[in-house]
Amino acid sequence: MLLYTSFPYDIFEIVVATVQRFQPLNYQAGWNVTSVSLEDQVLIALMKLRLNLRDLDLADRFCVSRGTISNIINTIICALHEIFYKGIMVRLGMPSQVKCKGSMPKSFEDFGSARASIDCTEITQDVPSDFRRQSASYSNYKSRHTMKALTAVAPNGSCVFVSSLYPGSVSDANIVQHSRFLDNLIPGDLILADKGFNIHDKMPSGVQLNIPPFLVNKTHFTHSEADLCYKIARNRIHVERVNERFKNYQILNHIPANYRSLSTKIMQLCACLVNLQAPLLKEIA
């Protein structure tokens, strides 16, 4: 079960029971699937996300047509996105600073007002047929065509914000501004980020941004600057570990062309599914 879905069986049962409460499903192809149980339909969708198996492979495993598999995957992904992303992550919003302090790990003792750590994660895509889109999606950093999303992780290791996917050429700073992530912040909040997020001029009044210092007209950091770099890196490692869990959903290594229209929903859904896994931090478990 962990191999095919990334969950133990009891969590898988909860996911199935949650989807069952929202019956009947609005099948994307316009016709209902009656030959496959709901439990197997959820399993098929999770296997697609976790292992990125070909639709024909899944059709053979479950003894149905390829069209049925496509209908199931499109429908279940949309249903799970509606439940877990829109119904939970978006509706609840980012946890307040008070809630963050209630589950603050010891490593954040120097950043007691921290609300989240932010980072951008990139996923590859097929080369778009439109030349203008080719230019927009090409990432100089990755040297290939990509899409990227902004993710924010609370101090306890939970993913609390995922933006839509943007073309790979868009800068991290522009994604922060366009995704309206900053609208979630209030005076007194602290955000941790890496050097790519030099957005001090865009931060709301009273909100602090902590990024590692830059080497400007000098060859090495002072002792206090080096210590700050270490402290920020030690706490930002949590957002890197969450992004690594994203990539365990192999569909994010390369989203198939026939599911490109669902790419943002797939990314946001995978973030929600990561939150259903075992806690990243032992002291939070």
Side-chain angles (χ1 to χ4, degrees), residues 4-6 25-31 33 41-59 61-62 64-86 89-90 119-151 159 161-172 174-175 178-180 243-274:
Y4 289 117
T5 70
S6 77
L25 294 174
N26 180 26
Y27 284 92
Q28 301 297 300
W31 47 272
V33 175
Q41 291 185 44
V42 174
L43 177 60
I44 288 168
L46 292 177
M47 288 173 68
K48 183 68 177 183
L49 298 176
R50 178 68 178 84
L51 300 176
N52 202 13
L53 299 172
R54 292 178 180 272
D55 288 4
L56 194 58
D57 183 357
L58 290 168
R61 290 171 187 250
F62 289 87
V64 295
S65 69
R66 185 175 179 178
T68 299
I69 291 295
S70 178
N71 191 14
I72 289 172
I73 292 172
N74 279 278
T75 301
I76 298 298
I77 285 177
C78 289
L80 293 176
H81 180 270
E82 191 74 23
I83 294 167
F84 291 105
Y85 179 73
K86 291 185 177 180
M89 186 177 289
V90 172
D119 196 12
C120 279
T121 183
E122 293 190 64
I123 60 178
T124 62
Q125 64 170 342
D126 293 326
V127 179
S129 56
D130 187 292
F131 288 127
R132 288 170 297 181
R133 291 185 179 180
Q134 285 183 23
S135 176
S137 66
Y138 187 79
S139 169
N140 290 321
Y141 178 69
K142 294 287 188 179
S143 297
R144 56 181 181 265
H145 294 271
T146 65
M147 298 175 286
K148 67 165 68 170
L150 173 72
T151 58
C159 185
F161 179 88
V162 186
S163 74
S164 300
L165 284 168
Y166 292 83
S169 64
V170 180
S171 69
D172 295 351
N174 285 337
I175 292 177
H178 189 270
S179 66
R180 307 190 69 84
N243 287 344
E244 185 62 30
R245 284 193 173 188
F246 289 163
K247 296 303 175 68
N248 286 335
Y249 287 95
Q250 294 183 23
I251 196 168
L252 295 180
N253 291 335
H254 191 90
I255 293 180
N258 55 319
Y259 293 107
R260 185 180 294 170
S261 61
L262 293 176
S263 55
T264 289
K265 288 186 177 181
I266 288 172
M267 177 69 190
Q268 293 170 338
L269 173 58
C270 288
C272 297
L273 297 180
V274 164

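FYI, the numbering just counts along the sequence from 1. Values reported hereafter were calculated over all heavy atoms of this structure, with side chains retained and with hydrogens, waters and symmetry mates removed.
- Scanning both residues, Thr146 and Glu122, for their nearest heavy atoms gives OG1-OE1, 2.6 Å.
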Inset, instruction - Decide side-chain contact (heavy atoms from CB on, under 4.5 Å) for Met267 and Ile255; before the verdict, give the C-alpha distance in whole Å, the side-chain angles of both, and the deciding distance to 0.1 Å. - result: CA-CA 10 Å; Met267 177 69 190; Ile255 293 180; over 6 Å; no
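- At distances below 3.5 Å, at least one donor-acceptor pair connects side-chain atoms of Tyr85 with backbone N or O atoms of Val162.
- With hydrogens and angles ignored, the 3.5 Å screen pairs a side-chain donor or acceptor of Asn71 with a backbone N or O of Trp31.
- Nearest heavy-atom pair, Tyr166 versus His178, reported as atom, atom and distance to 0.1 Å: OH-ND1, 2.8 Å.
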Tabulate below the donor-acceptor pairs under 3.5 Å that side-chain atoms of residues 41-51 make, not counting sequence neighbours, or state none.
unit_1, atom_1, unit_2, atom_2, d
Gln41, OE1, Tyr27, OH, 2.8
Gln41, NE2, Tyr27, OH, 3.2
Gln41, NE2, Val36, O, 2.9
Lys48, NZ, Leu53, O, 2.7
Lys48, NZ, Asp55, OD1, 3.0
Arg50, NH1, Asn248, O, 2.8

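- No more than 12 heavy-atom neighbours from other residues, nucleotides or ligands sit within 6.0 angstrom of CZ on Arg54.
- At a threshold of 4.5 Å between non-hydrogen side-chain atoms, the residues Tyr249 and Ile266 do not count as touching.
- Annotation: side chain to side chain contact (heavy atoms under 4.5 Å, CB included) contacts of Ser261 (sequence neighbours excluded): none.
- Legend: residues meeting side chain to side chain contact (heavy atoms under 4.5 Å, CB included) with Asp172, ordered by chain and number and at least two apart, are Cys120, Lys148, Phe197.
- Taking CG of Leu25 as the start and CD1 of Ile76 as the end, the distance is 5.0 Å to the nearest 0.5 Å.
- Applying the side-chain hydrogen bond (donor to acceptor under 3.5 Å, both in side chains) test between His81 and each of Lys265, Lys86, Gln268 identifies Gln268 as the sole match.
- For Leu165 against Ala149, the heavy-atom pair with the smallest separation is CD2-CB, 3.8 Å.
- Here Leu273 contributes atom CG and Leu269 contributes atom CG; the two are 4.0 Å apart, rounded to the nearest 0.5 Å.
- Once rounded to the nearest 0.5 Å, the distance linking CD1 of Ile73 with SG of Cys78 reads 11.5 Å.
- With rounding to the nearest 0.5 Å, the separation of NZ in Lys247 from CG in Asn243 is 7.0 Å.
- The line from CD1 of Ile77 to CD1 of Ile72 is 11.5 Å long, rounded to the nearest 0.5 Å.
- By the neighbour-count criterion of 12 heavy atoms within 6.0 Å, atom NE2 of His254 is densely surrounded, having more than that number from other residues, nucleotides or ligands.
- Rounded to the nearest 0.5 Å, atoms OG (Ser263) and CD1 (Ile251) are 10.0 Å apart.
- In this structure the side chain of Phe246 reaches within 4.5 angstrom of the side chain of Thr151, judged on heavy atoms.
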